[in-house]
Amino acid sequence: MNKIYNIYKILYENYGPQGWWPITGYGYHKLDYSFPRESNEIFEVCLGSILTQNTTFASVVKSLNNLHVKSALHADAIESMDIDELKEAIRPSGYFNQKTEYILEFIKFYKSLKGATPTREALLHVKGVGEETADSMLLYGYNKREFKVDAYTKRLLIELGFADEKTKYSEIKSFMQSSLKECVKDEKELRIIYQEFHALIVEHGKHFYSKKPYAKGCFLKDII
DNA sequence: AGCCAGGCTACCG
DNA sequence: CGGTAGCATGGC
């Protein structure tokens with residue numbers, strides 16, 4: 001058992017299963033690791049992945065609910081919405097002008113897939129979809145084994161001595177994936193761990209890696 | 001009042 | 001290539 005897998009175990013013991021990605025439009029259901037998701041759920045995860053860029057998920061839920069009450073939590077409905085109405089609906093998530101553009105760009109791409117799973121490379125060509133958003137869609141929407149790296153992940157790894165400020169997204173991602181692969185051979189189990197681990201890091205990050213100085217009170221520092 | 005949030009693009013040197 | 005301004009709302 002390497003240190004990264006050990007971190008996962010400790011976080012899991014402390015916070016329990018997180019059950020990401022929570023689906024809002026059809027009722028929150030925790031711990032649903034089914035595969036594949038229904039197509040509307042995949043779309044909701046992708047939409048949420050764009051909306052959650054640099055904001056809190058609570059704000060995203062408001063936006064998703066705004067769309068849901070308009071029966072507009074689907075690609076076609078959003079695409080045919082009045083653009084100002086769409087902006088108003090997603091306003092709570094911030095950057096609503098940019099995100100409206102991103103969402104409409106993504107919907108064009110999403111519909112062109114006709115239900116197929118996109119490659120990561122193709123996703124990265126969609127305006128508004130960067131590495132983290134692409135991995136978020138693939139990991140939580142399409143249930144693919146793509147570890148999602150965020151600011152908390154990087155801060156945690158820096159604090160524990162596994163990375164520095166210059167470490168790139170791709171380096172952190174492959175480090176996390178290769179570490180976990182050493183310990184977990186079953187592919188489905190590995191995918192679920194990717195899903196849980198990122199969520200656990202976020203939960204842990206909210207406690208100890210939001211305010212500077214980071215890591216104050218982080219119990220992982222004493223163990224790892 | 002100010003900082004932070006489940007980032008990305010455009011543009012700069 | 002790396003570094004940074006701009007994007008915007010809501011919560012604490």
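So you know, we letter chains A, B, ... as the sequences are listed, proteins then strands, and number each from 1. Only heavy atoms go into these numbers, but all of them, side chains included; no hydrogens, no water, no symmetry mates. Small disclaimer: the values here were computed from a predicted structure and weren't measured.
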Does a side-chain N-to-carboxylate-O contact under 4.0 Å join E79(A) and K111(A)?
yes
Closer than 4.0 Å, any side-chain N/O of S59(A) to the OP1 or OP2 of dG11(C)?
no
What contact category does V129(A) fall into here, base, sugar-phosphate, or nothing, at under 4.0 angstrom with non-hydrogen atoms?
sugar-phosphate
Donor-acceptor pair, distance only, cut-off 3.5 Å: does the side chain of E44(A) make one with the backbone of I23(A)?
no
Only counting residues at least two apart or in another chain, list the ones meeting side chain to side chain contact (heavy atoms under 4.5 Å, CB included) with N2(A).
I4(A), Y5(A), S179(A), E182(A), C183(A)
Rounded to whole Å, the NZ-P distance (K212(A) to dA5(B)) equals 10 Å
Quick one: H207(A) NE2 to dG6(B) C1', roughly how many Å, whole number?
14 Å
Of the listed nucleotides (dG6(B), dC8(B), dG10(C)), which one gets closest to any side-chain atom of V202(A)?
dG6(B)
N54(A) side-chain N/O to dC4(B) phosphate OP1/OP2 under 4.0 Å:
no
Would you say the side-chain atoms of K216(A) pair up with the backbone N or O of K211(A), donor to acceptor, closer than 3.5 Å?
no
Integer-rounded Å distance: dC3(B) C1' and K211(A) NZ
10 Å
Pairing partner of dA1(B), by Watson-Crick or G-U wobble and under 3.5 Å for both distances, is none
Rounding to the closest angstrom, what is the interatomic distance between dG11(C) and dC8(B) at atom C1'?
23 Å
Whole angstrom is fine here: how far is it from NZ in K99(A) over to C1' in dT9(C)?
9 Å
Using the P atoms only, state how far dG6(B) lies from dA5(C), rounded to an integer number of Å.
23 Å
P atoms of dA8(C) and dC11(B), separation to the nearest Å
16 Å
Apply side chain to side chain contact (heavy atoms under 4.5 Å, CB included) to the pair L139(A) and K144(A), showing each step before the final yes or no.
CA-CA 5 Å; L139(A) 179 61; K144(A) 304 292 285 183; over 6 Å; no
Under 3.5 Å donor-acceptor, K154(A) side chain and D150(A) backbone:
no
Send over the distance from F147(A) CZ to dG6(B) P, rounded to a whole Å.
16 Å
Judged by each residue's nearest nucleotide on DNA chain B, which is more toward the 5′ side, Y214(A) or L124(A)?
Y214(A)
Under 4.0 Å between any heavy atoms, over every strand shown, what does Q98(A) touch: base, sugar-phosphate, or nothing? Just pick one.
base
Of the listed dG10(C), dA8(C), dG7(B), the closest approach to the P92(A) side chain comes from dG10(C)
Report which part of the nucleic acid K127(A) touches: base, sugar-phosphate, or nothing (heavy-atom distance under 4.0 Å, all strands).
sugar-phosphate
Check nucleotides 11-13 of chain B for protein N or O atoms closer than 3.5 Å to its own N or O atoms and list the pairs.
none

dC4(B), OP1 or OP2 - any side-chain N/O from T56(A) closer than 4.0 Å?
no
Starting at atom OH of Y95(A), determine the distance to atom P of dA8(C), rounded to an integer number of angstrom.
8 Å
Minimum-distance pair of heavy atoms, taken over all atoms of F162(A) and F175(A)
CD2-CZ, 3.7 Å
Side-chain N or O of R155(A) closer than 4.0 Å to phosphate OP1/OP2 of dA5(B):
yes
Tell me whether W20(A) is stacked on the nucleobase of dG6(B), counting only the six-membered base ring and applying the 5.5 Å and 30° thresholds.
yes
Cut-off 3.5 Å, side chains only: do R37(A) and N143(A) have a donor facing an acceptor?
no
Atom CZ of F96(A) to atom P of dT9(B): distance rounded to whole Å?
19 Å
Please classify the nucleic acid contact of V126(A) as base, sugar-phosphate, or nothing, using heavy-atom distances under 4.0 Å.
sugar-phosphate
Please report, rounded to the nearest Å, how far the P atom of dG6(B) is from the CZ atom of F197(A).
18 Å
Between dT9(B), dG6(B), dA8(C), which nucleotide has the shortest distance from any of its atoms to the side chain of Y102(A)?
dT9(B)
NA contact type, K166(A), heavy-atom cut-off 4.0 Å: base, sugar-phosphate, or nothing?
nothing
Given Y140(A), F109(A), F106(A), the one that forms side chain to side chain contact (heavy atoms under 4.5 Å, CB included) with C46(A):
F106(A)
Under-4.0 Å side-chain N/O to phosphate OP1/OP2 contact, K62(A) with dG11(C)
yes
Given dG7(B), dA8(C), dC4(B), the nucleotide with the shortest approach to the side chain of S210(A):
dC4(B)
